[in-house]
A.B. asks: 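Let me give you the structure first, and then I'll get to my questions.
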Protein chains: 2
Amino acid sequence: MDDTHAVNALSALAHPLRLQVFRMLVATAPEGVPAGTIAENLGVAASSLSFHLSQLQQAGLVTATRHQRFILYATDIGATRELMEFLTADCCDGRPELCGRPGLAPTCDTTKGLSRP
Amino acid sequence: MDDTHAVNALSALAHPLRLQVFRMLVATAPEGVPAGTIAENLGVAASSLSFHLSQLQQAGLVTATRHQRFILYATDIGATRELMEFLTADCCDGRPELCGRPGLAPTCDTTKGLSRP
DNA sequence: TCCATATTTCGACTATTATCGAAATATGGA
DNA sequence: TCCATATTTCGATAATAGTCGAAATATGGA
């Protein structure tokens, strides 16, 4: 996962409603939930939810599959895992004191070109 | 960490320049780096960087401490760790297949009030 | 004190995000 | 085929984010 994809994924989660949507879909994973059910549970207009679902989908965090008359939204497990690994390995530099866990090694050189004052 | 704080932290990281800044500060943690050095390394106007540093600071992800004439910015290790734990425990529901690691237990009920279609 | 330097704040502007109702599209069943 | 339902797209609008140069503020040293 490169920076651009990571920023897209982070942007997608950086909204109260979308965070709630994502959590709901994580809780039901790997099953999907119809758009209407999500809208109803979160008390938001169908058109607003549709906008946010499309943001999450474009970021790759959720998938949409039509099932009869419903469109089921579900977390993309691989993409979610990739984001977590990006944050842990690349962003937190694999340091347990930052990540709260034994670190994964960074996949890129995070110090390149940095000159000190 | 509640949803509001998490959204603030995610928003702060959801920008290419701020993600680069954050990574630089993670790489140098726990040492801080002067604003000017960051601006120079990333090739951005001082005023623009100042704006982004303030976003990161307001989100609690970095701290600022004056040291002589410089203001040193450094990652807030505790806040970073809290964010990671929030994502792992509350957001990923502690599931290894989502988090890429043995899970922490969620600290809240993520399924409350969800009615199925 | 006065100047050079480090950083932030201000101002002005552009672009993007978010909202919701209404209208359009798509699907399955009668 | 025709209708009911699920969802998205389209407007229109308000709010926020992002950019940079110029001006303001703060610190340390001569």
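Chain letters run A, B, ... following the sequence lines, proteins first, then strands; residues in each count from 1. These numbers come from a predicted model, not from an experiment.
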A.B. asks: Taking protein heavy atoms under 4.0 Å as touching, what does nucleotides 11-18 of chain C look like 5' to 3' if B marks base contact, S marks sugar-phosphate-only contact and - marks none?
C.D. replies: -------S
A.B. asks: Which pairs pass side-chain hydrogen bond (donor to acceptor under 3.5 Å, both in side chains) with one or both residues in residues 58-67 of chain A, sequence neighbours excluded?
C.D. replies: none
A.B. asks: Taking the side chain as C-beta and beyond, is there a heavy-atom pair between A/Leu49 and A/Val21 under 4.5 Å?
C.D. replies: yes
A.B. asks: Could you note down all residue pairs passing side-chain hydrogen bond (donor to acceptor under 3.5 Å, both in side chains) where residues 43-55 of chain A supplies at least one of them, sequence neighbours left out?
C.D. replies: A/Arg18-A/His52
A.B. asks: Mapping B/Leu53 and A/Ala45 to their closest nucleotides on DNA chain C, which lands nearer the 5' end?
C.D. replies: B/Leu53
A.B. asks: Select from A/Gln57 and A/Arg69 the residue whose nearest nucleotide in DNA chain D is closer to the 5' end of that strand.
C.D. replies: A/Arg69
A.B. asks: Measure the spacing between OG1 of B/Thr75 and CG of B/Leu56 and express it to the nearest 0.5 Å.
C.D. replies: 10.5 Å
A.B. asks: Are A/Thr37 and A/Phe70 side-chain neighbours, meaning at least one heavy-atom pair lies under 4.5 Å?
C.D. replies: no
A.B. asks: Between the axis at one end of the helix from C/dT1-D/dA30 to C/dA30-D/dT1 and the axis at the other (five pairs apiece), what's the angle to 10 degrees?
C.D. replies: 20°
A.B. asks: Using a heavy-atom cut-off of 4.0 Å across all strands, would you classify B/Ala35 as base, sugar-phosphate, or nothing?
C.D. replies: sugar-phosphate
A.B. asks: Please list every donor-acceptor pair under 3.5 Å in which a side-chain atom of residues 8-15 of chain B meets a protein atom from a residue at least two apart or in another chain.
C.D. replies:
| residue | atom | partner | partner atom | Å |
| --- | --- | --- | --- | --- |
| B/Asn8 | ND2 | B/Thr4 | O | 3.4 |
| B/Ser11 | OG | B/Val7 | O | 2.8 |
| B/His15 | ND1 | B/Leu17 | N | 3.1 |

A.B. asks: Between A/Asp2 and A/Phe86, is any pair of side-chain heavy atoms under 4.5 Å apart?
C.D. replies: no
A.B. asks: Could you report the tightest heavy-atom contact between A/Ala35 and A/Leu53, atom names first, then the distance?
C.D. replies: CB-CD1, 3.9 Å
A.B. asks: With heavy atoms of chain B within less than 4.0 Å as the criterion, where does contact along DNA chain D begin and end?
C.D. replies: D/dG18 to D/dG28
A.B. asks: Measure across A/Pro30 and A/Ile77 and return the closest heavy-atom pair with its distance rounded to 0.1 Å.
C.D. replies: CB-CD1, 4.4 Å
A.B. asks: Examine B/Leu87 and A/Met1 and state if one hydrophobic cluster contains both, with Ile, Leu, Val, Met, Phe, Trp and Tyr joined whenever side-chain heavy atoms are less than 4.5 Å apart.
C.D. replies: yes
